[in-house]
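The block underneath contains the structure these notes are about, expressed in structure tokens.
Lettering follows sequence order; numbering is per chain, from 1. Values in this document were obtained by computation on a predicted structure and should not be read as measured data. Side-chain atoms are counted along with the backbone in the values below, which use heavy atoms only and exclude waters and symmetry mates.
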There are 2 protein chains.
Amino acid sequence: MTGSHTLGETEARVANRLSHMALDFEAMAVSSNLFRAASAVRNHFERNVLSESGLSWTAFVVLWVTWIWEPAETRDIAAEAGISKATLTGVLSTLEKLDLVVRTRSTEDGRLVLVTLTKKGHDLMENLFPAFNRQEVEVVSPVAPGKRSELADMLRAITEKIEG
Amino acid sequence: MTGSHTLGETEARVANRLSHMALDFEAMAVSSNLFRAASAVRNHFERNVLSESGLSWTAFVVLWVTWIWEPAETRDIAAEAGISKATLTGVLSTLEKLDLVVRTRSTEDGRLVLVTLTKKGHDLMENLFPAFNRQEVEVVSPVAPGKRSELADMLRAITEKIEG
DNA sequence: TTTATATTGTTCGTATCCAAACAATCTCGA
DNA sequence: TCGAGATTGTTTGGATACGAACAATATAAA
């Protein structure tokens with residue numbers, strides 16, 4: 001159960017308490033479940049797959065994006081990972097401390113910083129990512145295989161609506 | 001665009017770079033878009049509806065859960081909001097500082113803490129929640145109305161799979 | 001009655017997270 | 001060539017986020 005009260009109890013209570021308001025329960029259900037699911041997935045991965053390499057969810061995502069596009073510019077990594085550049089600076093500091101990435105100021109544009117994985121970073125991702133992906137499969141297994149693309153599309157549409 | 005590269009570019013790059021691995025792209029797409037959408041929704045609400053009352057997304061959720069069930073026990077609020085009790089302690093401190101809630105130690109069980117909204121808290125929610133819900137409607141508008149319940153159900157199934 | 005075990009909320013340490021401010025760099029138009 | 005405006009990454013301050021450890025309280029069994 002995702003909380004102490006069932007969904008039915010919650011909606012009944014909300015309907016009763018807020019009957020003087022015109023509310024859209026479907027929209028409410030989508031956004032609350034979106035947040036709950038994302039939080040549960042993140043915690044699950046941090047507790048299981050990621051815990052032995054000492055990576056947080058976001059550190060892993062940053063490492064993954066850099067792995068795919070290296071050498072990667074920090075402004076692009078932040079955009080791909082969906083975090084601010086301020087946050088990325090801190091997460092890269094953590095990854096550097098773990099000796100997983102290296103930051104280099106661009107020679108072509110002094111404003112830009114390029115990031116690459118170290119050998120240790122590459123070795124880690126070669127082993128960690130398949131395990132990560134197996135957990136991804138596990139986590140989405142309650143969703144019918146035919147519905148997973150549709151789910152991803154709906155989620156992407158929500159993000160695009162917000163970020164234009 | 002949700003990142004500097006389109007989805008197609010990313011998948012092509014991943015397929016090329018990781019062709020030696022057996023990967024499930026659908027599972028990958030679901031979990032990455034889940035996290036991106038939740039993050040985008042949260043940031044959108046914090047920047048818009050919630051910014052003038054100085055509330056974070058989580059502070060709002062805690063206030064809302066307490067509003068619905070008050071007097072509410074902290075262990076239930078944490079469970080409903082999907083955050084740890086350690087985090088709830090800090091968020092309640094923030095809400096108390098804003099004079100929106102009051103914490104009381106239970107007289108029946110000395111381990112428990114009960115939370116209620118202040119008058120200021122009630123007044124805030126009467127005005128803020130309808131505006132919040134209107135933004136929820138806006139944010140889910142890219143998803144066809146007939147599909148919203150289905151989307152909420154799939155997300156709920158993922159959370160329940162993880163949290164048992 | 002006593003002791004062991006469980007539950008609760010808080011504290012601590014550490015990481016993430018963002019907006020705002022800032023310094024450095026780049027670009028473009030006059 | 002120079003100055004205005006834009007872009008980049010970092011720093012700062014404050015909030016969230018969690019696991020582990022801890023103290024206080026409750027419960028159950030001997």
Side-chain angles (χ1 to χ4, degrees), chain A residues 4 35-36 38-48 50-63 72-79 81-98 100-101 103-115 163, chain B residues 4 35-36 38-48 50-63 72-79 81-98 100-101 103-115 163:
Chain A
S4 310
F35 192 73
R36 292 299 304 274
S39 189
V41 166
R42 178 186 178 128
N43 289 341
H44 175 77
F45 277 77
E46 286 183 343
R47 273 197 302 272
N48 293 283
L50 300 178
S51 63
E52 45 180 81
S53 45
L55 291 178
S56 69
W57 169 274
T58 302
F60 176 83
V61 170
V62 166
L63 203 56
E73 297 175 0
T74 49
R75 60 182 170 174
D76 294 330
I77 301 174
I83 59 179
S84 74
K85 292 185 283 176
T87 300
L88 180 65
T89 298
V91 173
L92 283 177
S93 294
T94 299
L95 291 173
E96 268 193 329
K97 205 188 302 173
L98 295 169
L100 296 173
V101 300
R103 278 190 276 204
T104 315
R105 183 66 64 175
S106 169
T107 50
E108 283 143 28
D109 187 329
R111 294 171 296 176
L112 305 183
V113 167
L114 298 172
V115 190
E163 294 182 357
Chain B
S4 309
F35 192 74
R36 293 299 303 276
S39 189
V41 166
R42 177 184 179 130
N43 289 342
H44 174 77
F45 277 76
E46 286 184 343
R47 272 196 303 271
N48 292 281
L50 300 178
S51 62
E52 46 178 80
S53 45
L55 290 179
S56 68
W57 170 275
T58 304
F60 176 83
V61 169
V62 166
L63 203 55
E73 295 175 1
T74 49
R75 60 185 169 172
D76 294 331
I77 300 173
I83 60 179
S84 73
K85 291 185 285 179
T87 299
L88 180 65
T89 298
V91 172
L92 284 177
S93 295
T94 298
L95 290 174
E96 268 194 330
K97 204 189 303 174
L98 294 169
L100 296 173
V101 298
R103 276 188 275 207
T104 315
R105 182 66 63 173
S106 171
T107 50
E108 284 145 27
D109 186 331
R111 296 171 297 176
L112 306 182
V113 167
L114 297 171
V115 190
E163 295 185 354

When rounded to whole Å, the CG to P distance for the pair A:Leu92 and D:dT8 reads 16 Å
Of the listed C:dT25, C:dT8, D:dG9, the closest approach to the A:Asp109 side chain comes from C:dT25
Looking only at side-chain N and O atoms, does A:Arg111 come under 4.0 Å of OP1 or OP2 in D:dT7?
no
A:Leu55 and A:Leu98, any side-chain heavy atoms less than 4.5 Å apart: yes
Notebook entry, point to check: Are A:Val62 and A:Val115 close enough that some pair of their side-chain heavy atoms sits under 4.5 Å apart?
Noted result: no
B:Arg105 CZ to D:dT25 C1', in whole Å, measures 9 Å
Whole-Å distance, A:Glu73 CD to C:dT25 C1', equals 14 Å
B:Arg103 side-chain N/O to C:dT10 phosphate OP1/OP2 under 4.0 Å:
yes
Whole-Å distance, B:Leu88 CG to C:dT7 C1', equals 16 Å
From CZ of B:Phe45 across to C1' of C:dC17 the rounded distance in Å is 19 Å
B:Ser53 side chain to B:Leu50 backbone, donor-acceptor under 3.5 Å: yes
Here the pair of heavy atoms bringing B:Lys85 nearest to B:Ala78 is CG-CB, 4.0 Å
Please confirm whether the backbone N or O of A:Arg111 pairs with a side-chain atom of A:Arg105, one donor and one acceptor, at under 3.5 Å?
yes
Between CG of A:Leu50 and P of D:dG19 the distance, given in whole Å, is 13 Å
Is there a side-chain contact between A:Leu114 and A:Glu73, using heavy atoms and a 4.5 Å cut-off? yes
By nearest-nucleotide position on DNA chain D, the 5'-leaning member of A:Ser93 and A:Leu112 is A:Leu112
Rounded to whole Å, the CG-P distance (A:Asp76 to D:dG9) equals 8 Å
Protein N or O to nucleotides 14-18 of chain D N or O, pairs below 3.5 Å:
residue, atom, partner, partner atom, Å
D:dT16, OP1, B:Ser56, OG, 3.3
D:dT16, OP2, B:Thr94, OG1, 2.8
D:dT16, O3', B:Arg42, NH2, 3.1
D:dA17, OP1, B:Arg42, NH1, 2.6
D:dA17, OP1, B:Arg42, NH2, 3.0
D:dA17, OP1, B:Thr58, OG1, 2.8
D:dA17, OP2, B:Thr58, OG1, 2.5
D:dC18, OP1, A:Asn43, ND2, 3.3
D:dC18, OP2, B:Ser84, N, 2.8
D:dC18, OP2, B:Ser84, OG, 3.3
D:dC18, OP2, B:Thr87, OG1, 3.0

Stems of at least 3 consecutive Watson-Crick or G-U wobble pairs (donor-acceptor distances under 3.5 Å) involving DNA chain C, listed by first number, are C:1-30 with D:1-30
**Asked** Using the ring of each side chain (for Trp, its six-membered ring), is B:Phe35 parallel, tilted or perpendicular to A:Trp57, with breaks at 30° and 60°?
**Response** tilted
inquiry  = Go through it in stages, so that I can follow the logic: the residues are A:Thr89 and A:Arg103, the test is side-chain contact (heavy atoms from CB on, under 4.5 Å), and I'd like the CA-CA distance, side-chain angles, deciding distance and then a yes or no.
reply    = CA-CA 10 Å; A:Thr89 298; A:Arg103 278 190 276 204; 4.1 Å; yes
Under 3.5 Å, side chain of A:Arg75 to main-chain N/O of A:Leu112, donor-acceptor pair present?
no
